[in-house]
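Structure first, then comments.
Just so it is clear, the values below take in all heavy atoms, side chains as well, and ignore hydrogens, waters and symmetry mates.
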Amino acid sequence: MLFVPTFTQTSGSGRARASDAMGFGVTCADALVDGLASHGVDVDVLDIAPTARQTAWTARCLEAFDAAIGDSSSGNGSREQARSGTRYDVVLAFHAFWPFTCDLRRILDDAGARLPLVTYTHGTHWDPTDLFRFERYPRLRWADLGNLLAADRVLLVSDYLHRTLLTSVNEAGPVAAKEITARLRPVGLPLDLARIDAARPTHSNSNSNSNSNSNSNGYGEDGGPVTVVFNHAPIPAKRPELFAAAADEVLRRTSARIVVTRHFPATAPGGAALRELGRRYPGRVTLGEDLPLDDYFRTLWHSDIQVSTALNESLGVATLEAMATGNCPLLPATGAYPEIAAGDPDVLYDRTEDVADRLCALVTDPARRRRTARRHSARTRAAYAPERVAGAVRQVLEEAVGEAAKEVMGDAVGESPV
């Protein structure tokens, strides 16, 4: 298999423009490659020279892909040799937008390579709550759909995204809906549990261990005040201004600490309010300013409660990582959250005005907090383990390869001998 990674932010190259460039585009992609290898898939990861500029990276990616496809064909690269001589069985792109799946398909078609192309999509213009795509790429809605239709199979990160995509496209047109339905396969996304666990503290100061203070009201599992973590992007779809308002109440009514892992410019939603909280509560509010990944995982291990105020969530990797590290989640009953929380009313809320009260209740009820955290940690680790998700992905790859082989055989039977 030829694996096409997505753009990721290089160290020291400035702020990431999106979460995939600094988070799941790194960790989940690595976990998927390792998981597929454990299932016996021979994976070649496309070698792309790193660069801080996303557009330059895309050009390098496509050049590397073109070279890899050309090198994988024997002889003079004729159509017949491309059908039988390629050393790859399938191409898997981790992100349908970076690079565009359409560009990969064009290169395959130009080379005459009959390789099946499978792509992952982590969000879509066809989810009406995906504000990020509408704000960043407002005119690419139909290109987004055409991009997915350029793949033989489209891997989806959740059942929620599957239902939403089908509903929206069906409203747009039955022909497009029929085409896309045949391609969609919800498989989830693997967590990089190896890297997460490597960051786990070796001493008792983590939320996975109890100590003499952990049963006292207002104390976290590290013996200090309970830590509430907000590990979402500074974008309107995550509604950080709602978190900032709830955090203000929690800081006023309890002894809890607040940790924000991402950089929030003053102009971002909630940015000014979070900075003001840091000024008013020195030592109790930590603004992480885009923590490096291993520091980020260590922070999760030292936290007790993870809260989301998001309007849109196609899966919720930030929440899954927090649950995997033993945090008790508090989540809106929207998007994929009911799915990843197994519909648990102990962690889901319907009204944003209840967030502060729910958080304060968790801060002061360690037994309930710990019980809920442990239940969801075990389930999350099983459901999103690399081996399980990679097994589902492999089944889709085999399906695409089998279908492509039948098409090639059918063409061969129909060809004239003269």
Side-chain angles (χ1 to χ4, degrees), residues 1-10 20-21 24-122 146-155 183 187 190 390 393-394 396-405 407-408 411:
M1 183 191 85
L2 179 60
F3 182 79
V4 182
T6 190
F7 173 78
T8 55
Q9 202 78 12
T10 55
D20 50 14
F24 72 83
V26 181
T27 59
C28 295
D30 289 348
L32 180 60
V33 169
D34 291 343
L36 287 170
S38 74
H39 280 275
V41 178
D42 186 4
V43 182
D44 275 359
V45 179
L46 190 65
D47 187 14
I48 307 165
T51 177
R53 295 177 56 244
Q54 196 165 15
T55 302
W57 178 90
T58 301
R60 292 181 183 184
C61 175
L62 296 178
E63 289 175 357
F65 184 74
D66 189 33
I69 294 303
D71 291 345
S72 74
S73 300
S74 61
N76 60 11
S78 68
R79 184 173 297 273
E80 290 75 16
Q81 289 168 333
R83 288 176 182 173
S84 60
T86 179
R87 76 173 190 260
Y88 298 116
D89 298 303
V90 63
V91 174
L92 172 59
F94 185 73
H95 200 302
F97 249 60
W98 302 104
F100 250 34
T101 304
C102 286
D103 286 327
L104 301 181
R105 173 62 73 191
R106 174 184 53 78
I107 291 171
L108 288 172
D109 288 349
D110 284 344
R114 297 291 292 271
L115 285 174
L117 174 58
V118 179
T119 194
Y120 244 115
T121 188
H122 308 275
N147 201 38
L148 300 181
L149 290 171
D152 295 287
R153 293 291 185 276
V154 178
L155 305 179
R183 291 166 166 79
V187 294
V393 172
R394 173 168 180 155
V396 178
L397 297 176
E398 290 177 342
E399 178 187 339
V401 169
E403 183 177 285
E407 291 179 359
V408 171
D411 289 350

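- Residues Pro99 and Leu104 are in side-chain contact: their nearest non-hydrogen atoms beyond the backbone lie under 4.5 Å apart.
- Counting heavy atoms from C-beta on, the side chains of Arg60 and Thr51 come closer than 4.5 Å.
- When Val4, Leu32, Leu2 are each tested for a side-chain contact (heavy atoms from CB on, under 4.5 Å) with Leu92, only one passes: Leu32.
- Using a distance-only test at 3.5 Å, with no hydrogens or angles considered, no donor-acceptor pair links the side chain of Arg394 to the main chain of Leu36.
- For the pair Phe94 and His122, the tightest heavy-atom approach, listed with the atom from each and the gap, is O-NE2, 2.8 Å.
- Taking each heavy atom of Ala400 and Pro116 in turn, the nearest pair found is O-CB, 3.8 Å.
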Test side chain to side chain contact (heavy atoms under 4.5 Å, CB included) on Arg87 and Asp44; report intermediate values, then the result. CA-CA 11 Å; Arg87 76 173 190 260; Asp44 275 359; 3.6 Å; yes
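- Thr6 places a side-chain N or O within 3.5 Å of a backbone atom of Trp98 that can act as its donor or acceptor partner.
- At a threshold of 4.5 Å between non-hydrogen side-chain atoms, the residues Ile69 and Leu115 count as touching.
- Within the 4.5 Å cutoff, side-chain heavy atoms of Arg106 are placed close to those of Asp103.
- Under the 3.5 Å distance criterion, the side-chain polar atoms of Asn147 are matched with a main-chain donor or acceptor of Thr101.
- Every salt bridge (Lys or Arg N to Asp or Glu O under 4.0 Å) that Glu399 has, sequence neighbours left out, goes to Arg153, Arg185.
- Side-chain contact between Val187 and Tyr120 is present, with heavy atoms from C-beta onward closer than 4.5 Å.
- The shortest side-chain heavy-atom distance between Leu148 and Thr121 falls under the 4.5 Å cut-off.
- Separation of atoms NE2 (His39) and CG (Asp34) is listed at 11.5 Å; rounding is to 0.5 Å.
- Counting only distance, with no hydrogens or angles, the side chain of Asp89 and the backbone of Met1 share no donor-acceptor pair below 3.5 Å.
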Pair Thr119, Leu155 - check side chain to side chain contact (heavy atoms under 4.5 Å, CB included), show working. CA-CA 6 Å; Thr119 194; Leu155 305 179; over 6 Å; no
Would you sort out whether Asp66 and Leu62 count as a side chain to side chain contact (heavy atoms under 4.5 Å, CB included), showing the intermediate values? CA-CA 6 Å; Asp66 189 33; Leu62 296 178; over 6 Å; no
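- When side chains are defined from C-beta on, Leu46 counts as touching Phe65, because their heavy atoms get closer than 4.5 Å.
- Ion pairing between a basic and an acidic side chain is recognised when a charged N comes within 4.0 Å of a carboxylate O; Asp152 and Arg105 show such pairing.
- Side-chain atoms of His95 come within 3.5 Å of backbone N or O of Phe97 as a donor-acceptor pair.
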